[in-house]
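In what follows, chains carry the letters A, B, and so on, assigned in the order in which the sequence lines appear, proteins first and then strands, with residues in each chain numbered from 1.
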There are 2 protein chains.
Amino acid sequence: MSLQTLLNIHHDISHIKSSCSTCSLRELCLPVGLNEEEIRVLGDIASHKRRISRSGYLYRAGSKFQSLFAIRSGFFKTCILEQDGRQQVTGFHMTGELLGLDAISTEIHTCDAIALEHSEVCEIPFAKLEEISRTIPSLMHHFHKIMSREIVRDHGVMLLLGSMKAEERLATFLLNLSRRFVMRGYSEYNFNLRMTREEIGSYLGLKLETVSRAFSKLQDENIITIDNKHVQINDIVRLKIKMGNSTCIT
Amino acid sequence: MSLQTLLNIHHDISHIKSSCSTCSLRELCLPVGLNEEEIRVLGDIASHKRRISRSGYLYRAGSKFQSLFAIRSGFFKTCILEQDGRQQVTGFHMTGELLGLDAISTEIHTCDAIALEHSEVCEIPFAKLEEISRTIPSLMHHFHKIMSREIVRDHGVMLLLGSMKAEERLATFLLNLSRRFVMRGYSEYNFNLRMTREEIGSYLGLKLETVSRAFSKLQDENIITIDNKHVQINDIVRLKIKMGNSTCIT
DNA sequence: TGCTTCGATTGATCTGAATCAAAGCGATTT
DNA sequence: AAATCGCTTTGATTCAGATCAATCGAAGCA
C-alpha cells in the first residue's frame, strides 16, 4: 500500500470539536448509547476516583481483576514485561477511554498499566457492575460493546501493520491517534505525543532510531510538522493530510 | 527472545486427549461453563447447520451481522481485501471455535470468512440469542466471555510478533495452533496444516518464501518434522518441544 | 555556571527478509 | 504417458531496518 493511499483512506477526519481537558462519565457514556437512567446508576458505583502521577502504575500484570477504569484525564500505556526484561508496549490509552479490558476473560491482568503523564481515572468495580446488571441487563450489554469495540479497534490496526513499512506504520499510528483525539473532542490534527520514540517503536515493532528517522522523513515530505523540537515526549504533531492530488491543511 | 526461550514458555502443552473429528454443541459449550439448561436452550436456536465446501464463503466483508457460527468441523480463514487487491489473512479458525466475532461491535462483518476445507458450521442467530438472553441473562454473559477470550487470544499473539524474527514467528504460530488442537481434543503435536505458505505468511507478516525457508530451518534444527513433503497444504507437522536442556519428544 | 541525564537525531555498517528467478513435486487433466 | 496447474523449495541479489556509535538539545541539579 502506498503512503498516499494510506492517507487517503482516513481523509474523513474532518470535523473539529471543541477542546476538553477532563472527561466526565457522561461524556464517556453518551456516545455508546447509554440512556440517562443507566448513566445515573453507573455514576453511583463509579464515584471513586484515583490520581496517578507520571510513571505510576494503575495496575500490574498478574494482579486480580477487580475494576475497569474510565480515564478522566491523562494518558496511559499498557505493556508486558518479557522474560528477558524487555518491555513490550501493547497499547496506548487516552482520556475518555476504558482501561482494564485485558483481564476481561482471564480475571487476572495480563499487562501493566502505566501513566505517561499525571492522570485521573474513575474506578468502576466490576463486581458492582455485574450486580447492578442483574436488574438492568442492558448495562452489561453496553459495556461488552464498548469493550469489544476497544479491543477490535486495536486489533485491526495491529493486523495491518504486518505488511507495512516503517513510515507507513508511523503514519497509521498517528492517524489512529488523531482519530481518537477527534472523537474525544480535541482539535483536529494537532496533538501532543506523550510517549517516547522507544515506546512508539515497541508498539509498532520498530526500533527507536527507525521511528525517529520515520518522523524526520514524514516531515521532509511535509506530511507532518513537529513544533518544539526536542521537547521530550511532548512534541506537537501537526498532521497534514493529503487528499487526492491536493494537499489539505494542518 | 531466543527461540529456545520461546519454546520453553509453552512446554505446558503436555496432556493428550482423544481425537475427534466433529464437535458437538455440547463440546463447544461445556469448557466455557454453560450449564445443561443453557446448552439445551442454545441447542434449540442453533439447530440450523450449514455446509461449506473448500474455498466457499461463510460470510463476506460488508454483509450485515446476523449470526455467530460454531464450527462443527473443518477449518476457516478470515481475511480482508485491501484496496490494491491483496488479501490479508486476519485469522485462522478451527473446529470447536466461534466465528463471526469480527462484527460484534459494528453490526457489519469486517472480513470475509472462507473455508480452507470442507466444513460444517452451526448457525446461531444473534437476534434469537439476545431474545433468549432476556430470560436467561447468564447466557449472553457467557457468550461475551467466549468472544472476548477468542479476540484476546489472537490479539496477544499478534502483539508479540512485532519483535520476532521469521523463525520465531512461525514457531509461535505453530505452538498456538498446537495448543488449540490440544484444547479441541486432538493429539498433542501432530496436526495438519490446512493453509498455504502464502496464507501463513500473510497472517504473520512474512512472504511465502520466507515462511518456506523458516519451515526448512525448523526442520534442520529438529524442532519440527514434516511428513508427506509436498502434499499441498496438508503437511503433517510434528513439533518437538524442547524443555530446559533436554529435548522432549514429538 | 557547569555538570549530568534523558531522549532525539543522524551517520555508518551489517543483516534478515523481500524480491526476482528457476526448479521441483504431486495431483489432475488430456 | 504427457501436459498442465497449484503450491513449495531453493538460490542469487537487493534493500529496509537493526545495530553500533557519536552528537545534540532541553531540563534538572550541584
Worksheet item: Rounding to a whole Å, what distance do you find between B:L161:CG and C:dA17:C1'?
Response: 15 Å

Fill in: Residues which pass side chain to side chain donor-acceptor pair (under 3.5 Å) with B:S202, listed by chain and number, not counting sequence neighbours
none

Worksheet, complete the sentence: From CG of A:L208 across to C1' of C:dG7 the rounded distance in Å is 9 Å

Worksheet, complete the sentence: Taken to the nearest whole Å, CZ/B:R169 to P/C:dG16 is 14 Å

Item to complete: Starting at atom CD of A:E199, determine the distance to atom P of C:dA8, rounded to an integer number of angstrom.
Response: 9 Å

Item to complete: State which residues pass side chain to side chain donor-acceptor pair (under 3.5 Å) with B:K77; sequence neighbours excluded, sorted by chain then number.
Response: B:E199

Worksheet entry | Parallel, tilted or perpendicular: rings of B:F65 and B:H109 (30°, 60°) | perpendicular

Discussion item. From the set D:dC7, C:dA18, C:dG7, return the single nucleotide nearest to any side-chain atom of B:L206.
Written reply: C:dA18

Worksheet item: In this structure, are over 12 heavy atoms from other groups packed under 6.0 Å from B:E117 atom CD?
Response: yes

Discussion item. Could you work out, with side chain to side chain donor-acceptor pair (under 3.5 Å) as the rule, every residue matching B:K165, not counting sequence neighbours?
Written reply: none

Worksheet item: Within the structure, does a side-chain N or O atom of B:T210 lie under 4.0 Å from either OP1 or OP2 of C:dA18?
Response: yes

Practice prompt. Please check the phosphate of D:dT10 (OP1 and OP2 only) for any side-chain N or O of B:S216 closer than 4.0 Å.
Written response: yes

Worksheet item: Which residues pass the side chain to side chain donor-acceptor pair (under 3.5 Å) test with B:T90, sequence neighbours left out?
Response: B:T78

Worksheet item: Between D:dG28 atom C1' and A:R54 atom CZ, what is the distance in whole Å?
Response: 14 Å

Worksheet item: Tell me: CD of B:E198 to P of C:dT19, nearest whole Å?
Response: 12 Å

Discussion item. Could you work out, with salt bridge (Lys or Arg N to Asp or Glu O under 4.0 Å) as the rule, every residue matching B:R51, not counting sequence neighbours?
Written reply: B:E120

Fill in: Nucleotide D:dT10, atom P - distance to CD of B:E209 in whole Å
13 Å

Worksheet item: Roughly how many Å is it from CD in A:E168 to P in D:dG17, rounded to a whole number?
Response: 9 Å

Worksheet item: Taking for each residue the nucleotide of DNA chain C bearing the nearest heavy atom, is the 5' side occupied by A:S212 or by B:G205?
Response: A:S212

Identify all pairs in which a protein N or O lies below 3.5 Å from an N or O of nucleotides 12-16 of chain D, and state each distance.
residue: D:dA12; atom: N6; partner: B:R213; partner atom: NH2; Å: 3.4

